[in-house]
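Worksheet for the structure shown next.
Just so we're clear, the structure is a prediction, and the values are computed from it rather than from any experiment. Both ligands and their constituent atoms are indexed starting at 1 by order of listing.
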Amino acid sequence: MEKILNYINGVLQEPSSKQYIDNYEPATGKVYSLVPDSDGQDVQLAVDAARGAFAEWSKTGLEERMMVMMKIADGIQSRFHEFVKAESKDNGKTIHLAAAMDIPRAISNFRFYASALQHFSSESHQTPGTAINYTLRQPVGIVGCISPWNLPLYLFSWKIAPALATGNCVVAKPSEITPYTAYLLSQVCIEAGLPKGVLNIVHGLGGKAGQAIIEHPEIKAISFTGGTETGKRIAATAAPMFKKLSLELGGKNPTLVFADCDFEETVAQTVRASFTNQGEICLCGSRVFVERSIYEKFKASFVARVKAMKVGDPNDSTTNLGAIVSKQHHEKVLGYIELARQEGGTILTGGNALKMDGRCSDGYFIAPTVIEGLDYNCRTQQEEIFGPVATLTPFDTEEEALTMANSVKYGLASSIWTNDLKRAHRVAEKIESGIVWINCWLLRDLRTPFGGVKASGVGREGGFEAMKFFTEAKNICIKS
Ligand code: TXE
């Protein structure tokens, strides 16, 4: 069985404990590789390596830093199909999606921050005749990056790239559920000549390796994406140590469909928003609110499209939805579907696990599920399910739509579908989310601020926001 290795001080190595965790292929339900069960000792080795590398990396010329990051991007590009296959196998997502979204985006993350580092600048403030202040933006030092399983390399690199670009040394941990592409990335970093210790990847469990990263006193900033409950625990540990924290947490995102939308485009895109990556994206629009005058027509069209989606082997190019990431998550999603039934919901399509033939007969599949008839305040409509489950709810007025949209504890993303420009602006202003898409969904520009409000997190990633997070601003005042 293949063993994944930690990447510490430029070297691929076994965990100190020599213990491993099983790594499953969700489409088959079978163990196919072993993940290091790292602990505090491995994190200490990574911190020692990062400390050793920091003095040089933080002073490395911008062009040189850019070149090595570009080489990492090129390294992923040159092994594109290997990365795509690995991401699909590890996560259960379709090969098609990994090739169209995950791996291209990981490459872009490195390229984007490699070029951004040449343009990142700081402010100066002049008081004529009195003084000039200028701000230095210095790297924080050793930073921790912890990422989840849903967009494994995409989100891992989204943190690592700005941290490296700003001159920090990194101790990173991918999800133990989807570690494989992070392992491939460590190989690419070696090939690209990234100096040893600049990036260290420690694999393992959240409560063990992850917790050791959070608790380590020399790790001064933590960038985390994952569940809200984990985010709370991380904040509770890190806040008393005065660490900088960027937390990208859960979502329960509303989709507001008004009667004057472009109907066919809206149906197509809202289905995509609900079910891309099996609904396992923190940005997925899982609560669809539709103006009553078009509700029945919308419902018929939405459900017809969902019924036409093919669930199956992620390797098959005709598959639209692959496997759910783990057995545990499969059970959790099915549990929510059962809850929806108990709460009085009507299942319009789906609502069950699916059994495949052949190599995927033991995989974790769920039919894309659409539910109506639920009160907007019930648990199914309030809690993050993070699976292929969407609810449809009619509304009569804009105010009612906003009340329902804003009723959840989360506030990550939303989408509004209308041709009324004034309404689009008005609703966008009032909606409680960090990201609003109007007549689109997941249309990304890497320069924009990315993050949520309420229980969806603290801080913003993206563009210069992430570079500000990974630097300390020091003001220097010179008397005239
Ligand atoms: O995420 P966790 P899980 C949601 C989704 C899902 C739920 C739980 O609803 O069902 O969260 O998923 C590491 N100290 N999202 O359990 O636990 C962990 O090893 C330090 C939303 O997979 O939050 C992994 O690397 N690290 C989401 C990462 O945190 C710890 C994406 C995320 O794991 C840790 C994923 C600890 N104490 C799940 N405990 C989104 N919004 O993008 C865990 N980790």
Report, one line per pair, each donor and acceptor closer than 3.5 Å where one atom sits in a side chain of residues 94-101; sequence neighbours left out.
unit_1	atom_1	unit_2	atom_2	d
Thr94	OG1	Leu97	N	3.0

Which residue and heavy atom of the protein sit nearest atom 3 (P) of ligand 1, plus the separation: Trp149 NE1, 3.5 Å
Partner of Ile213 by side chain to side chain contact (heavy atoms under 4.5 Å, CB included), out of Val171, Val143, Val47, Ile142: Val171
Nearest non-hydrogen protein atom, atom 18 (C) of ligand 1: Glu176 OE1, 3.6 Å
Best match, Thr230, Thr178, Leu151: closest heavy atom to atom 39 (N) of ligand 1: Thr230
Pair Phe83-Phe80, ring pair (Phe, Tyr, Trp, His ring centres under 6.0 Å): steps then yes or no: CA-CA 5 Å; Phe83 270 92; Phe80 188 80; 8.6 Å; no
Trace of the salt bridge (Lys or Arg N to Asp or Glu O under 4.0 Å) decision for Arg359 with Glu25: CA-CA 11 Å; Arg359 85 169 196 108; Glu25 178 179 3; 3.0 Å; yes
For atom 13 (C) of ligand 1, the protein heavy atom that lies nearest, with its residue and separation: Ile146 CG2, 3.7 Å
Minimum-distance protein heavy atom relative to atom 9 (O) of ligand 1: Glu384 OE1, 2.9 Å
Atom of Gly167, atom of Phe54 and distance for their closest heavy-atom approach: O-CE1, 3.2 Å
Is_contact(atom 33 (O) of ligand 1), protein non-hydrogen, under 4.0 Å: no
Selected option - heavy-atom contact closest to atom 25 (O) of ligand 1, from Ala209, Pro148, Ala182, Ser147: Ser147
Contacts of Phe156 that satisfy ring-ring contact (aromatic ring centres under 6.0 Å, His included) - sequence neighbours left out: none
Parallel, tilted or perpendicular, as decided by the 30° and 60° cut-offs, for the rings of Tyr364 and His330: tilted
Location of contacts on His329 toward ligand 1, heavy atoms closer than 4.0 Å: side chain
Protein residue, atom and distance nearest to atom 44 (N) of ligand 1, heavy-atom basis: Gly206 CA, 3.3 Å
Whether Phe120 and Phe464 hold their rings parallel, tilted or perpendicular, with breakpoints at 30° and 60°: tilted
Close-contact set for ligand 1 against Phe224 heavy atoms, below 4.0 Å: 23 (O), 28 (C), 29 (O), 32 (C)
Under 4.0 Å to a heavy atom of Leu249 - the qualifying atoms of ligand 1, by number: 41 (N)
Positive for side chain to side chain donor-acceptor pair (under 3.5 Å) with Thr393, one of Glu372, Gln381, Arg287: Gln381
Taking atom 10 (O) of ligand 1 as the reference point, the nearest protein heavy atom with its distance: Lys332 NZ, 2.5 Å
Heavy atom of protein closer than 4.0 angstrom to atom 22 (O) of ligand 1: yes
Options Cys145, Pro152, Gly250, Gly227, ranked by nearest heavy atom to atom 11 (O) of ligand 1, top entry: Gly227
Protein heavy atom at shortest distance from atom 42 (O) of ligand 1: Cys282 CB, 3.4 Å
Cation-aromatic face contact Lys355/Phe365, 6.0 Å, 45 degrees: no
Per-atom contacts of ligand 1 with Thr225, taking only distances under 4.0 Å to non-hydrogen atoms: 32 (C), 42 (O)
Ligand-side contact atoms (ligand 1) for residue partner Pro174, heavy atom cut-off under 4.0 Å: 25 (O)
Donor-acceptor pair between Asn6 and Ser38 side chains, under 3.5 angstrom: yes
Heavy atom of protein inside 4.0 Å of atom 6 (C) of ligand 1, strictly below: yes
Side chains of Ile8 and Asp48 in contact at under 4.5 Å (non-hydrogen atoms): no
Closest protein heavy atom to atom 20 (C) of ligand 1, given as residue, atom name and distance to 0.1 Å: Gly210 C, 3.2 Å
Ligand 1 N/O within reach of Lys173 N/O, cut-off under 3.5 Å: yes
